[in-house]
Amino acid sequence: FDGAFKLRINNTTSAINHSVKIGNVTKTLNVQAGPYVRFEGGTTSPVTLDILGQRLTASFAIEQTKAAGPDGQLNTSDDLKRVSIAISNLSLKISAGGSDFVTVSNGQGALLLNNLGVAADFTLTGVAFNVPGVTISGGTIKLKVNTTAAAVNTSFAVGGGTVALNVPAGPFIRVEVLGASLQIGGSGGPQLSGDFAFDQSTRTDGSKVTRVALANVSVTVGGQGLTDGQGAFVILPAHPAIPGSGGIAGVISGRASIAAGGASVGGNFGLRLNKTKLAVDETISVGGTSMEIKFADGSDVFSFYGDLSLNIANFVIIEGSFSFDSSGAVAANNASIFMGDGPAILPDGSRNPTAKGLLLSNASFGLIKVGTTTPTYALFATGTVEVLGVSGVSISGTAPIRVNNTGTAINRTISIPNSGNVTVDFASTALVTEFKATNVDLTVAGQTLMGDFSFSQETISTQKITTITASNVSLGFGST
């Protein structure tokens, strides 16, 4: 503590308002009902309290009081003595690099002090967020403090009332925004909904970093998104040599939520974003979990990724490590693409012995969407083709799938985190629809055909029929 305090004492149960003349001076004693011994500060000039490197400025009323004992009930025989602090006009700043990212004013609440440390839970009304490129709105805002390593769940008396206190294990001091919306890049930008907790930690070099823990997050962009998300952001100040720099970077993981016509998705999903225009290399611990936030350069990143199973209109099932960007582009590497009765791959990763159809394994896959009202697509996939579940028939070779009905030339490279890139390239505006294996071997009943083979599928009376058409075929009989 730092500031001027007054001492008030009343060991009676009555309020006192009495004037006494001492010499030529009249002194008035005006105190609330007791009993208590109370120090008060900040009524005429600010008083500061330093907790975990953060400085709180407020009006404080400090008194020895009682808290619930082992039975969890206040005003019983096992009550414990505690120092309680009623706080009003609270102000606090969470800053880094000379930038104030969170500013708190007009906070009200109570704080409990014992031999282990300090714990508090305040509801805040005057909070300003100043995060570059981000707007935060709505939600219930609280300031939570716990300097101990144990959770606190108790009630205690302060200022003539009873306060319930329930905070998780610390140490921490953070501003929580529950049920809020976080919009990136202004109106029309991606919007995250959920619970956000702002705090400050110290790097190994002694510098400060402001971070945001996220829980119960949902976000959807361009029909792609996730729900039940959790993760972490860092907020970086502007670099003086890079105009427009500074902002948020981070990662979120959750359940896939994909809105694509005729498609259903299952699996876990992630979101990577970097809006700082800076390289980022941070490892932070949130809730006991270590999270890496790393971006090699300041490129603008907002991309979804994850290991998913994508079922497109029960026609093709694609499984692999996917990446979705904010424009709706989709890519996968080391994927399996199956056309037929399946699935081709079981949950344990093994082949399905009852699957029948065509499988592209070790496949690369890229899909570009053009337009929103009536979207068109450019698709490229390639992998090793094989026939599943058809006795006496096998094929060996590489087969690409190429589709472009956008009416435009396309040349896009889609990045997949930790898994390389996929390029979708169509030099002309012509309509392209082909699933064709060129110069491969098709073996039927012990005889091998070499040539070009195209594949299609249709459903007749609920049965899926795969058709193979051939051209430029050569066939040899006999033995050598």
Give me the atom names and distance for the closest heavy-atom approach of [X] to [Y].
X      : Y      : result
Asp121 : Lys142 : OD1-CD, 3.5 Å
Thr28  : Ser19  : OG1-OG, 3.2 Å
Ser245 : Ala238 : O-CB, 3.3 Å
Asp195 : Gly179 : OD1-N, 2.7 Å
Ala197 : Arg174 : CB-CD, 4.0 Å
Ile414 : Val330 : CD1-O, 3.4 Å

Is there a donor in the side chain of [X] and an acceptor in the side chain of [Y], or the other way round, less than 3.5 Å apart?
X      : Y      : result
Thr423 : Asp425 : no
Asn421 : Thr413 : no
Ser361 : Ser336 : no
Asn146 : Thr148 : yes
Thr406 : Thr408 : yes

Qualifying residue for side chain to side chain contact (heavy atoms under 4.5 Å, CB included) with Leu182, from Val212, Ile136, Thr135, Val177: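 When Val212, Ile136, Thr135, Val177 are each tested with Leu182, the side chain to side chain contact (heavy atoms under 4.5 Å, CB included) holds only for Ile136.
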Relative to each other, are the rings of Phe129 and Phe198 parallel, tilted or perpendicular (30° and 60° limits)?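 It falls in the tilted class, 30° to 60°.
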Go through it in stages, so that I can follow the logic: the residues are Leu165 and Asn153, the test is side-chain contact (heavy atoms from CB on, under 4.5 Å), and I'd like the CA-CA distance, side-chain angles, deciding distance and then a yes or no. CA-CA 6 Å; Leu165 178 62; Asn153 186 1; over 6 Å; no
Walk me through whether Ser181 and Ser137 qualify under side chain to side chain donor-acceptor pair (under 3.5 Å). CA-CA 5 Å; Ser181 294; Ser137 59; 4.8 Å; no
Are the side chain of Thr26 and the backbone N or O of Lys21 linked by a donor-acceptor pair below 3.5 Å?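 No: the side chain of Thr26 does not pair with the backbone of Lys21.
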If you count heavy atoms of other groups shown closer than 6.0 angstrom to CZ of Phe39, is the number above 12?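 Counting other residues, nucleotides and ligands, CZ of Phe39 stays at 12 neighbours or fewer.
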I'd like to know if Glu40 pairs up with Arg8 as an ion pair, taking the criterion as any Lys NZ or Arg NE/NH1/NH2 lying under 4.0 Å from an Asp or Glu carboxylate oxygen.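 Looking at Glu40 and Arg8, the cut-off is met.
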Any heavy-atom pair between the side chains of Val102 and Lys93 that's under 4.5 Å?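 No. Closest side-chain heavy atoms not under 4.5 Å.
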